[in-house]
Trainee: 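What follows is a structure written as structure tokens; I'll ask about it next.
Here the structure is a predicted model, which means the values were calculated and not measured. Reminder, nothing fancy here: chain letters follow the sequence lines and each chain counts from 1.
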2 protein chains.
Amino acid sequence: MLEAAEALKFQPSVLARSLRTRTTFTVGFVVPDVASPFYAAALKGAQGALEESGYRVMLMNSGQEVAGEVTALQTLLNHQVDGLLLSTTGISASRFDETVGRRGTPCVFFDSMLEGAGAGGVRIDNARGIDLLVDHLVEHGHTEIALLAGSLEETSGRERLDAYHLAMERHGLTVGPDRVRVCRWSQEAGRAETNALLGLANRPTAIVASSAELAVGCLAACRERGLHLPGDLAVVSFDDPYFGALLEPSLTAVAYDAGAVGSVAASLLVEAMREGHTRRELSIPVNLVRRRSCGCEDA
Amino acid sequence: MLEAAEALKFQPSVLARSLRTRTTFTVGFVVPDVASPFYAAALKGAQGALEESGYRVMLMNSGQEVAGEVTALQTLLNHQVDGLLLSTTGISASRFDETVGRRGTPCVFFDSMLEGAGAGGVRIDNARGIDLLVDHLVEHGHTEIALLAGSLEETSGRERLDAYHLAMERHGLTVGPDRVRVCRWSQEAGRAETNALLGLANRPTAIVASSAELAVGCLAACRERGLHLPGDLAVVSFDDPYFGALLEPSLTAVAYDAGAVGSVAASLLVEAMREGHTRRELSIPVNLVRRRSCGCEDA
DNA sequence: CTGTTAGCGCCTTCAG
DNA sequence: CTGAAGGCGCTAACAG
């Protein structure tokens, strides 16, 4: 075959094909900060799943602000991406509609979502995770449980906060004033807010950190104050970092598959791009990893 | 102006423009594993710098193997990217030339590079980093110093290994057999190789880990064996992870700006895409962070 | 200096 | 069933 022989070297132009067919086989991926371990893992998962289905991924950082998010979406839409994977920093429904709704590009949200918008979403099972953490602290006899809540801009922050209130209520526990610390998702914020908590008149006996970064910051503050954990204070974390077993004390945490968040979201998106609109929401399971920071013994 | 009024809503088609001008303002970014903290940080740095210059980034995972790397490059070239940012897993010069050389797309390597190829490269100052680590251990009186070398597929692994031999020689120290452990860049490999090291007839009194993952694995092995650090064994690491201060003992390490590796590489690439071929190599500085795992006291 | 035209490389339609 | 032609939206070259 002459064709076969040529095929070896001939590469059809993706650009011309896209111009003609109005399909780019490219998906836009937008997160607040790719360097964060969670988003990096989700990106890897999504990239893998998309590549298997023949899609390429174009990456944008929204830089933790709505303006950046809108710009990113616009750039991506200009590039005529076939779909969007988005962990929002808090775009409004109207802003979202006027940006991507007009063009009708399928969008799957993950981790932090705009309720009811787009072609669906994938979330971590935040409620269950917080329940696991609070229940376990209660099993250890704690009643004075505080929360390093992280930011309420993202749904994951809000869901974890809500679940905390519900769990406390379920156990008949009251949430004292100042016991909930809303802050940025950083180690430094975790340190500062833990110091605030420990400076309280009736300080808590246990702290739930809404992320690994916050937990690490919390441990730093404890170490600075010379606290002995878990005796003086129990600490548990939503997120099980890979070095969790080697911290001092080793960290009791809720673990989940961050890569799966990305790959499942990608599957949903591929489906939406192919079949059309079948809005679906999925949730990634979590499980409790017991270590020493809660008062358990190491396995 | 009618034009101005329309301009608000009208978005020229990037695709048609690209087809016509043969310029996509898109850059391909290829790494073995985006989920690894270093590559994620480099990606963020690169993305930021590229965006400022009007470029978009298309991401590909090579999955730690040459085949994946070639596929990734081909996909990217099909998309007519204007430039490439690549941390290679060991593609050969001939393979590289026949894949990207033909088309002449500028390529800047970073971290792990193909010597002499492409439009330049950015590396971490591996030699200086290892010198800092070995010198410091010698200051503490160590002479029996082993190396968790990581993989030799990447230039960073090879450079760190070479620097280790040179540094040992400079101090008149001999490197016993089995004192250098070549392995994958994973926590598990670090654990396994540390166990091998500790099982040796004359075990080392100090270990240099070529990456944070290896160091964490090393600490895990030590803990399992009930070793008291830094008394029984000193451990230092090339890479300063953000939780380094909270490990037990806190980790003495060589730190550097991973984001800068990406952004500097991106700048070099932008220059190459605009001006043409001015091959340049740059190196990112490192510094020693003294903590307790080497035998120092915490600050 | 402004307005028109001819492709960029492909896919899809229509004619043969 | 095979083959030629038009156009996707843009820009560069050219004519007025």
Trainee: Rounded off to whole Å, could you give me the CD-to-C1' distance for the B:Gln80 and C:dG9 pair?
Mentor: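 Rounding to the nearest Å, CD of B:Gln80 and C1' of C:dG9 are 9 Å apart.
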Trainee: Measure CD/B:Gln11 against P/D:dC10 and give the value in whole Å, please.
Mentor: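 It is 10 Å, rounded to the nearest whole Å.
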Trainee: State, to the nearest 10°, the angle formed by the axis through the first five base pairs of the helix from C:dC1-D:dG16 to C:dG16-D:dC1 and the axis through its last five.
Mentor: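 One end axis against the other gives 60°.
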Trainee: Would you call the rings of B:Tyr256 and B:Phe238 parallel, tilted or perpendicular if under 30° counts as parallel and over 60° as perpendicular?
Mentor: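 B:Tyr256 and B:Phe238: tilted rings.
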Trainee: Using a strict threshold of under 4.0 Å (side-chain N to carboxylate O), is an ion pair present between A:Glu271 and A:Arg280?
Mentor: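 Between A:Glu271 and A:Arg280 there is a salt bridge, with a charged N closer than 4.0 Å to a carboxylate O.
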Trainee: Classify the angle between the aromatic ring planes of A:Phe109 and A:Phe96 as parallel (below 30°), tilted (30 to 60°) or perpendicular (above 60°).
Mentor: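 Taking A:Phe96 first and then A:Phe109, their aromatic rings sit tilted (interplane angle of 30° to 60°).
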Trainee: Between A:Leu161 and A:Leu152, is any pair of side-chain heavy atoms under 4.5 Å apart?
Mentor: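 With C-beta onward as the side chain, the pair touches.
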Trainee: Assign the ring pair B:Phe38 / B:Phe110 to parallel, tilted or perpendicular, where the plane angle (0 to 90°) is split at 30° and 60°.
Mentor: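 Geometry flag for B:Phe110 against B:Phe38: tilted rings.
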Trainee: Give a yes or no on whether the backbone of B:Thr21 and the side-chain of B:Thr23 come within a donor-acceptor separation of less than 3.5 Å.
Mentor: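 Between the backbone of B:Thr21 and the side chain of B:Thr23 there is a qualifying donor-acceptor contact (under 3.5 Å).
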Trainee: From CG of B:Leu15 over to C1' of C:dC11, roughly how many Å is that when rounded to an integer?
Mentor: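 Distance, rounded to whole Å: 14 Å.
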Trainee: Donor-acceptor pair, B:Thr24 side chain versus B:Gln80 backbone, under 3.5 Å?
Mentor: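 Yes.
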Trainee: Whether B:Asp111 and B:Arg123 form a salt bridge (side-chain N of Lys/Arg under 4.0 Å from carboxylate O of Asp/Glu) is what I want to check.
Mentor: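 No salt bridge links B:Arg123 with B:Asp111.
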Trainee: For the pair made of CZ in B:Arg17 and P in C:dC8, what is the distance, rounded to whole Å?
Mentor: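 Rounded to the whole Å, the gap is 19 Å.
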Trainee: Pull out every residue in residues 18-25 of chain A that has a heavy atom closer than 4.0 Å to any atom of DNA chain D, ordered by number, or say none.
Mentor: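 When residues 18-25 of chain A is checked for heavy atoms under 4.0 Å from DNA chain D, the hits, listed by number, are A:Leu19, A:Arg20, A:Arg22.
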